[in-house]
Amino acid sequence: MKMDHCPEHDPAGPPISNMAHQHAFTIVGAQTLFGVHMTQYHTEMHKYQLVLRFSVPAEVAAALREIRARYPRDIFVLANDESDEFNIPSVAAGLKPTFTGNIFQGIPPFGPEDEKDPHFFPWQLTRVRPVFGKIPVTVERVVYFRPFSHAEPLPEVAHYLMFGRGAEAHMTDLQTAPVALAADGGMLFGPGYDHVLSLAGTPHWIAPDMLEAGIVVTVPSIPLRGPDGRAHIPCAIPMAEGEAVVLDYRGLPRDPPLTAVAGPSFFCATAVCNSEGLDVCPEDQSMHASETPDEYLVRPDVR
């Protein structure tokens, strides 16, 4: 059976291995920095959910807080430099505790031709300038690591990981990577969505150690399958900023209900994670994230 799939194992290694590459992490947190790995269900080296707590030099952290305070709803992306490629399992295993990174503002423009390249990386330095370049990054802790299984079905309602530290709490949806059949009988990967947001504040009902460790909640207001069992993936941001959202801890409702107030959603997309050709959402609704400002584009006339 034909698959829209990039194996990308290490050519010098055994069949079950990953090649080293560049990876993008959505940054959340101000006092404590976290990075949430951007997923791709159809590309072996990106078939992982990974949440890191990381640190950068104090002067960079302070400057990052300042610019993010000026653009509180923009996405800022941490990526390892092309001179320091790695694979996600090496980070999860603690074998890559430091790396050279770049921090970018926004999603740079790219088109269909770019997407055809399985190794395309939007934040190439030939295309976009970093806000902070070639900085030392230390992985303080792996908060969450989850390799995808294509045998895992899409759940009925959305599952999220809640994590954070102190007064700062964040959420990211726990994704699956189910298999879908293409019109030609081939195999596609999806549907799903990738959502990263901060909360307006840490809910009063979670203990500090539970927040740092991370807990799993379900969101009954976000169905992922309809009554007929078909996928029902949200195309709009499913938790509006300022909305009080009811959450079920470990999938079980509480009385009184547990609620959390959504803050800004930095990244919510179906365009990146799903197989090309699996048109989960209309193009104009397939990615909700800020664009890279012109000042950081190598060629701002090309969008």
Q: Output yes when a side-chain donor or acceptor of N87 lies under 3.5 Å from a complementary backbone atom of N18, and no otherwise.
A: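 Flag set: sc N87 to bb N18 pair under 3.5 Å.
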Q: Using side chain to side chain contact (heavy atoms under 4.5 Å, CB included), reason through D194 and Y41 one step at a time and then give a plain yes or no.
A: CA-CA 11 Å; D194 190 350; Y41 311 147; 5.5 Å; no
Q: Distance check, rounded to the nearest 0.5 Å: E168 atom CD versus L199 atom CG?
A: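 So the gap between those two atoms works out to 11.0 Å.
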Q: Using modelled atom types only, decide if a donor and an acceptor are shared between the side chain of N80 and the backbone of H21 within a distance under 3.5 Å.
A: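 Indeed, once roles are kept as given, a pair shorter than 3.5 Å links the two residues.
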Q: Quick one: does any side-chain atom of N102 pair with a main-chain N or O of K134 as donor and acceptor, under 3.5 Å?
A: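 Yes.
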Q: Could you give the distance from OG1 (T176) to CZ (F148), rounded to the nearest 0.5 Å?
A: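 The CZ atom of F148 is 8.0 Å from OG1 of T176, to the nearest 0.5 Å.
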Q: According to a 4.5 Å side-chain heavy-atom criterion applied to Ile, Leu, Val, Met, Phe, Trp and Tyr, with indirect links allowed, do M287 and I27 form part of one hydrophobic cluster?
A: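 The answer is yes; both residues are in one hydrophobic cluster.
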Q: For H170 and S198, which I'm curious about, is there any donor-acceptor pair between the side chains at under 3.5 Å?
A: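 Present: a donor and an acceptor within the cut-off.
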Q: A180 and G190: which non-hydrogen atoms are nearest, and at how many Å?
A: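 Minimum heavy-atom separation between A180 and G190: CB-O, 3.8 Å.
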Q: On the 0 to 90° scale, with breaks at 30° and 60°, tag the Y193-H195 ring pair as parallel, tilted or perpendicular.
A: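 Plane angle between 30° and 60°, so tilted.
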Q: Just so I know, are the side chains of S265 and M239 near enough to count as touching, which here means a heavy-atom distance under 4.5 Å?
A: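 In short, these two side chains do not touch, never coming nearer than 4.5 Å.
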Q: Consider only side-chain heavy atoms of I, L, V, M, F, W and Y, link residues closer than 4.5 Å, and tell whether I222 and I237 are in one cluster.
A: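 They do not share one cluster, since no chain of ILVMFWY contacts under 4.5 Å joins I222 to I237.
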Q: Tell me whether the count of non-hydrogen atoms from other residues, nucleotides or ligands lying under 6.0 Å of CD in E66 goes above 12.
A: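 No, the 6.0 Å shell around CD holds no more than 12 heavy atoms from other groups.
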Q: For residues H159 and T218, determine if any side-chain heavy atom of one lies less than 4.5 Å from a side-chain heavy atom of the other.
A: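 In contact.
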Q: Find out if a path of hydrophobic residues (ILVMFWY) with successive side-chain heavy-atom gaps under 4.5 Å connects L78 to Y296.
A: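 In one cluster: yes.
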Q: Are the side chain of E283 and the backbone N or O of A271 linked by a donor-acceptor pair below 3.5 Å?
A: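 Here the side-chain-to-backbone pair does not exist.
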Q: Any side-chain heavy atom of P178 within less than 4.5 Å of one from P153?
A: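 Of all side-chain heavy-atom pairs linking P153 with P178, none is under 4.5 Å.
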Q: Do H46 and H37 have ring centroids that are under 6.0 Å from one another?
A: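 For H37 and H46, the ring centres are under 6.0 Å apart.
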Q: If I compare all heavy atoms of P57 with all of P136, which pair ends up nearest, and what's the gap?
A: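 That would be CD-O, 3.3 Å.
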Q: Is there a donor-acceptor contact under 3.5 Å from the side chain of R127 to the main chain of L297?
A: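 Such a contact is absent between R127 side chain and L297 backbone.
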Q: Would a single hydrophobic cluster contain both F25 and L174, if residues Ile, Leu, Val, Met, Phe, Trp and Tyr are joined by side-chain heavy-atom contacts under 4.5 Å?
A: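 Same cluster.
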Q: Enter the distance from Q31:CD to R165:CZ here, rounded to the nearest 0.5 Å.
A: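 Those atoms lie 10.5 Å apart.
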Q: On a heavy-atom basis, which atom in A289 and which in I107 lie closest, and how many Å separate them?
A: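 The pair with the smallest heavy-atom distance is CB-CG1, 3.7 Å.
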Q: With a 3.5 Å distance limit and no angle check, can you tell me whether R73 reaches the backbone of S290 through a side-chain donor-acceptor pair?
A: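 A pair under 3.5 Å: no.
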Q: If hydrophobic clusters are built by linking Ile, Leu, Val, Met, Phe, Trp and Tyr wherever their side-chain heavy atoms come under 4.5 Å apart, do Y48 and F86 end up in the same one?
A: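 Cluster IDs for Y48 and F86 match.
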Q: Less than 4.5 Å apart, any side-chain heavy atom of P72 and any of P264?
A: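 Heavy-atom side-chain distance check fails, nothing below 4.5 Å.
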Q: Enter the distance from F120:CZ to T43:OG1 here, rounded to the nearest 0.5 Å.
A: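 Rounded to the nearest 0.5 Å, the CZ-OG1 separation comes out at 12.5 Å.
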Q: Find out whether V217 and M171 are in side-chain contact, i.e. whether some heavy atom of one side chain is under 4.5 Å from a heavy atom of the other.
A: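 A side-chain contact under 4.5 Å exists here.
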Q: Tell me whether N274 contacts the main-chain N or O of T270 through its side chain, where contact means a donor paired with an acceptor under 3.5 Å.
A: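 Answer holds: yes.
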Q: Run M187 and H150 through side chain to side chain contact (heavy atoms under 4.5 Å, CB included) and show every step you take.
A: CA-CA 11 Å; M187 190 179 293; H150 297 304; over 6 Å; no
Q: Check for a donor-acceptor pair, side chain of Q105 on one end and backbone N or O of V131 on the other, with a separation under 3.5 Å.
A: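 A pair under 3.5 Å: no.
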Q: Counting only heavy atoms not in R70 (residues, nucleotides, ligands), do more than 12 fall under 6.0 Å from its CZ?
A: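 It does: R70 CZ has more than 12 such atoms within range.
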Q: Taking all non-hydrogen atoms of both residues into account, name the closest pair between V246 and P257 and its distance.
A: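 That closest heavy-atom pairing would be CG1-CB, 4.1 Å.
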Q: Does the Lys NZ or Arg CZ of R68 fall within the cation-pi geometry relative to F266 - under 6.0 Å from the ring centre and within 45° of the axis?
A: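 Yes, a cation-pi geometry holds between R68 and F266.
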Q: When you compare the side chain of F163 with that of V36, does any pair of heavy atoms fall below 4.5 Å?
A: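 Contact flag for V36/F163 side chains = yes.
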Q: Is there a donor-acceptor contact under 3.5 Å from the side chain of R254 to the main chain of Y249?
A: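 Not confirmed, R254 side chain does not pair with Y249 backbone.
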Q: Verify, without hydrogens or angle tests, whether D84 (side chain) and T100 (backbone) share a donor-acceptor contact under 3.5 angstrom.
A: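 Such a contact is found between D84 side chain and T100 backbone.
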Q: Locate the shortest heavy-atom distance separating I233 from G192; write the atom from each residue and the value.
A: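 Shortest heavy-atom contact: CG2-O, 3.8 Å.
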Q: Given side chains that start at C-beta, do those of V142 and L50 come closer than 4.5 Å, heavy atoms only?
A: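 In short, these two side chains touch, coming nearer than 4.5 Å.
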Q: Are a donor atom and an acceptor atom from the side chains of E140 and S55 found within less than 3.5 Å of each other?
A: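 The criterion, which ignores hydrogens and geometry beyond distance, is satisfied for S55 and E140.
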Q: State the CD1-CD distance between I206 and E212, to the nearest 0.5 angstrom.
A: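 Atom-to-atom, I206:CD1 and E212:CD are 10.5 Å apart.
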Q: Can Y160 and L197 be said to form a side chain to side chain contact (heavy atoms under 4.5 Å, CB included), step by step?
A: CA-CA 11 Å; Y160 277 74; L197 71 153; 4.1 Å; yes
Q: Are the side chains of V219 and L247 in touch, meaning some heavy atoms are under 4.5 Å apart?
A: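 SC-SC contact between V219 and L247 confirmed.
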Q: For W123 and G106, work out which heavy atoms get closest and say how close.
A: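 For W123 versus G106, the nearest heavy atoms are NE1-O, 3.2 Å.
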Q: Side chain to side chain contact (heavy atoms under 4.5 Å, CB included) for T172 and F34? Distances and angles first, verdict last.
A: CA-CA 12 Å; T172 186; F34 296 91; over 6 Å; no
Q: How many angstroms lie between atom CD1 of I75 and atom SG of C268, to the nearest 0.5 angstrom?
A: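 That separation rounds to 11.0 Å.
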